[in-house]
Amino acid sequence: MAEHYDPQAVEAKWQRRWAEEGAYQVDNDDPRPPYYVLCMYPYPSGPAHQGHVRNYTFGDLLVRRRTMQGYAVLSPIGFDSFGLPAENAAIKTGVHPRIFTEARIGELKSSLQRLGASYDWRRVIRSHDPLYMRWNQVIFQKFLDAGLAYRKNAPVNWCPGCHTVLANEQVLPNGTCERSGDLVVKRDLEQWFFRITAYADELLDALDDLDWPERVKTMQRNWIGRSEGAEFDLAVAGTGESIRVFTTRPDTSFGMTFVVLAPEHPLVEVIVAEERRAEVRAFVERVRSESDIERQSGEAPFERRGVFTGARALNPFTGQEVPIYLADYVLMSYGTGAIMAVPGEDQRDWEFATAYGLPIVRTVAPPEGWEGEAYTGDGPAINSRWLDGLGVAAAKARAITWLEEQGIGKRTVNYRLRDWLLSRQRYWGCPIPVVHCPGCGIVKVPEDQLPVLLPDDVEFRPTGESPLRYHEGFLRTTCPECGGPAERETDTMDTFVDSSWYFERFCEPWTAEVPIDQAAARRWMPVDQYIGGIEHAILHLLYARFYTRALGEVGLAPKEVREPFERLFTQGMITMDGSKMSKSKGNLIAPERYFAGVGADSLRLFHLFVGPPGDDFDWSDQTDQMIEGCHRFLGRVWRLGAGGLERATLVDRDPTEADRDLEKDTHRLIDRFSRDCDRWSYNTAVAAAMEFVNTLYRHVQAAEGARRATVDFAVDSLLVLLAPMVPHITAELWELRHGVGSAVHAQPWPVADPALVKVDTVTMVVQVNGRLRARLEVDAHIGEDEAVALALAAPKVAESLEGRRAAKVVARPPRLVNVVV
RNA sequence: GCCCGGAUGGCGGAAUCGGCAGACGCGAUGGUCUCAAACACCAUUGUCCGCAAGGGCGUGCGGGUUCGAGUCCCGCUCCGGGCACCA
């Protein structure tokens, strides 16, 4: 095996060895300090793709490195095994989703093993396992008891392609389904929700303390969309009714010149003037018939977008009556479904006022020379009586105080975030464990009957309807309370429910007593480093944060664990011609052919070397050549490690200058490599290793290279540093060099000697008027005077000065001297 | 529209605190080895002028600050992402 680098043989040998040894299994009572590394568990879609390779390479690297640094590293893996693709496959081919999914899990598992990823395979979680389903259902029932899960009738997002409802988070901004691309429509349905909005504030505030990419935190902040303002009542003239409005700008209330209700507002029918009823109804009908897309496109001219109700409201600030309109740009689902319109400080209101000939009163003085329309910036209040002269913030506070004194309003906070709709009208998911009894209403399935399992003998219809609805044996049941006939709930849970707590279950995945073993969770949670794709910035990462809190609240997990993921790293996507690689686009470049060719180590190294881990990478024609380059590098490492390059000088003798140089280079590599890894700059760490190998080659091949002991130290250090990145080749070479009893992955992570890292001479550049004129080797501790003297004495410098006197000399020893004339 | 990123050779990228732009790799060119090739190894490789020594230009565009700017400031262009009648 030593003659040449044979990745197939080496990788097979070590993968077998690691499996036999149970390497990277870790027990909960391990005395070493705990460290929890987790990659987002994958949906099993078949063999790994390049995105998986990248993700799990980053994870594996960290697992192995932290282990070498002396931690007990928890490194579990599982499979997000419920979901639509398996069911769609069943509809098409008739193969049961379980059979289909388990086959895909087998393929993905063997890809991961072929990659050399190190997991505690004993801890595997598959979301469709009956035991995991049981705990999913127990948690749901606890949430139900705690009021965190509830059922309500609401207009929900229905995807006609997927035949199910979707959460808001799963609908793209253009109104289509993120999975199927179908246009999502609104349907009024009875659905199950999780009360994530109860945690809106905490989910928002706690973001500040998370060591997460700012980008992701910003996305979550936008999604939660907290806005502070006030709510207050407006009396409707000539009726006993009042309209409650929400505004973030109570300071501009004196400028309210009309009021707008959402077309769906319940008071519309009550307040509408008789002579306008027909017109208003026609408008409401028209808006209802429009899709969300049409309605939200904002394309229609404002003249078509509203209607006057004939009713008037009293502006409590001015005491004046203002007209009440309906307009499609006011949404029933946000705030109170009614707004006070202030055209002077809101552009939409401005445009609406202009279209309908309504008055515009500015209540904030725009800056000098302002030529725009609505002014939304800060400035002194005007036309606002007792608010005049106050800035926006002060005027807001004063206006809210006044509303509260009058007893007609109060300070409020609104969120964009909606409760999480978790029911899905699909088969391949975890059943929601309740029955519907005509007499008793919704009744939980008793815990001793859990889990509610999916029946196997179902028919998958090409219409895509849930088979559970037509399975009499599943559907018909008896009420656990009254014993009478009842219907089982046929909705299943969103698969994001499964992924919202699997990381807690990993701490003690065997227990049949509780969903989460509290002692184990206290030991490992929160996850020290979570790694996954940016595409989960909102969905999964927000749900998991909610679940972690809710589980603590209902006593199923340690209450003190509020956040699931201490540090988050979001890796870039692998794209091809700028778009995401995917099976459906048919542009997958399967890792298998690289496993079979250059080997897993070369492919891993490529993914680490190609660029910053957080950046997207576009796969191109040239990519294969880069992978070849990584393979070539490993070939050089092999020849260094396995011997055969020795020259005459590579013997035992007294150390020379070359030995001191190589020793320093080795320590500098250790230093740089470690620091680069710490800051997720694997591409530069690899570059440093490549440079070092080039240096080593010079020593090994030159007539006056370093001696054997120095080279051995250098090569051993290199192997230890590379061990987390390319585990197989380093393991093999280490065993070759040190014998079967010694393992590279059991070596402690090396620490550089600061004295040797320090440089004693540096290249000082001398500039004349900022232009490079000379480079001098100088002592690293050179003083300013000496540096200047050396600089001025350099022939090139004197030449460029042409006898002119230096007007100024900027000295930054030992790096630079700049002579200015 | 608002909020975040980003733009550096033929290509992927580096430059960590305002101080040598282009590390490392790919590709390309030349060479060594070989009967020949593959492999491997060595050298050159931002660009323009020049036989050379050497010099000019150069980090999307236009300004600015500074002895000195890829890096800081102001104003743009283009690309990517997020949010978007959210009151």
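As a basis for the values below, the full set of heavy atoms in this structure was taken, side chains included, without hydrogen atoms, waters or symmetry mates. Reminder, nothing fancy here: chain letters follow the sequence lines and each chain counts from 1.
Remark: the separation of the P atoms in G9(B) and C4(B) is 27 Å, to the nearest Å. U59(B) and A52(B) have their P atoms separated by 26 Å, given to the nearest Å. Rounded to a whole angstrom, the distance from the C1' atom of G50(B) to that of C41(B) is 33 Å. Comparing the same atom, P, in G30(B) and in C78(B) gives a spacing of 43 Å after rounding to whole Å. Nucleotides C33(B) and A38(B) are separated by 15 Å at their P atoms, to the nearest Å. Annotation: U77(B) and C20(B) have their P atoms spaced 32 Å apart (nearest Å). Separating the C1' atom of G46(B) from that of G70(B) is a span of 15 Å, rounded to the nearest Å. Rounded to the nearest Å, the gap between the C1' atom of G62(B) and that of G12(B) is 30 Å.
In this structure, R418(A) does not reach the C86(B) phosphate: none of its side-chain N or O atoms is under 4.0 Å from OP1 or OP2.
Aromatic rings of H631(A) and Y5(A) (six-membered ring for Trp) have centroids within the 6.0 Å cut-off, being under it. Taking the six-membered ring where the residue is Trp, the centroids of F606(A) and W619(A) are separated by under 6.0 Å. For F283(A) and Y325(A), the ring centers are positioned 6.0 Å apart or more. Separation of the Y682(A) and F609(A) ring centroids does not fall under the 6.0 Å cut-off. Between F352(A) and F258(A), a ring centre-to-centre spacing shorter than 6.0 Å is recorded.
With sequence neighbours left out, the side chain to side chain donor-acceptor pair (under 3.5 Å) criterion links S674(A) to W749(A). A search for salt bridge (Lys or Arg N to Asp or Glu O under 4.0 Å) contacts involving D378(A) returns nothing, not counting sequence neighbours. Legend: residues meeting salt bridge (Lys or Arg N to Asp or Glu O under 4.0 Å) with E691(A), ordered by chain and number and at least two apart, are R672(A). Not a single salt bridge (Lys or Arg N to Asp or Glu O under 4.0 Å) links R286(A) to another residue, sequence neighbours left out.
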Would you sketch RNA chain B in dot-bracket for me? Only Watson-Crick or G-U wobble pairs with both distances under 3.5 Å count, crossing pairs as [ ], other-strand pairs as |, the rest as dots. (((((((..(((......[....)))((((((.......))))))((((....))))..(((((..]....))))))))))))....
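Counting any heavy atom pair closer than 4.0 Å across all strands shown, R773(A) reaches sugar-phosphate atoms only and no base atom.
Side-chain atoms of V778(A) and V762(A), non-hydrogen and from C-beta on, do get closer than 4.5 Å to each other. The shortest side-chain heavy-atom distance between S681(A) and R675(A) does not fall under the 4.5 Å cut-off.
Distance CD (E628(A)) to P (C24(B)): 21 Å, rounded to an integer number of Å. Computed from coordinates, the R221(A) CZ to G82(B) C1' distance equals 14 Å when rounded to whole Å.
With no hydrogens or angles considered, no side-chain donor-acceptor pair links R226(A) and N414(A) at under 3.5 Å. A side-chain N or O of E777(A) and one of T763(A) form a donor-acceptor pair less than 3.5 Å apart.
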Taking N or O atoms only and anything under 3.5 Å, show me the protein contacts with nucleotides 39-43 of chain B, one pair per line.
unit_1, atom_1, unit_2, atom_2, d
A40(B), O3', R639(A), NH2, 3.1
C41(B), OP1, R636(A), NH1, 2.5
C41(B), OP1, R639(A), NH2, 3.4

Taking only nitrogen or oxygen atoms into account, show me every contact under 3.5 Å that the protein makes with nucleotides 64-73 of chain B, one pair per line with its distance.
unit_1, atom_1, unit_2, atom_2, d
C67(B), OP1, K808(A), NZ, 3.2
C67(B), O2', N818(A), ND2, 3.3
C67(B), O2, N818(A), ND2, 2.5

Which atom pairs link the protein and nucleotides 28-33 of chain B when you take only N or O atoms and keep those under 3.5 Å?
none

Identify each atom pair where a protein N or O and an N or O of nucleotides 9-14 of chain B are less than 3.5 Å apart, giving names and distance.
unit_1, atom_1, unit_2, atom_2, d
G12(B), O2', V610(A), O, 2.8
A14(B), OP1, N683(A), ND2, 3.1

Below 3.5 Å, can you tabulate the donor-acceptor pairs from side chains in residues 766-773 of chain A to any protein atom, sequence neighbours excluded?
unit_1, atom_1, unit_2, atom_2, d
N769(A), OD1, V821(A), N, 3.1
R773(A), NE, S800(A), OG, 3.4

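The nucleotide whose nearest atom lies closest to any side-chain atom of D346(A) is, among A87(B), G25(B), G82(B), A87(B). The nucleotide whose nearest atom lies closest to any side-chain atom of E691(A) is, among A23(B), A87(B), G19(B), A23(B). Listed nucleotides: C83(B), A87(B), G25(B). Nearest to the side chain of W223(A): C83(B). Here C20(B) is the nucleotide among G82(B), A23(B), C20(B) with the atom lying nearest to any side-chain atom of R775(A).
Applying the salt bridge (charged side-chain N to carboxylate O under 4.0 Å, His left out) test to every pair with at least one member in residues 624-635 of chain A, sequence neighbours left out, gives these pairs: R593(A)-D624(A). Sequence neighbours left out, the pairs with a member in residues 250-263 of chain A that pass side chain to side chain donor-acceptor pair (under 3.5 Å) are R249(A)-D251(A).
By the 30° and 60° cut-offs, the orientation of the rings of Y543(A) relative to W420(A) is parallel.
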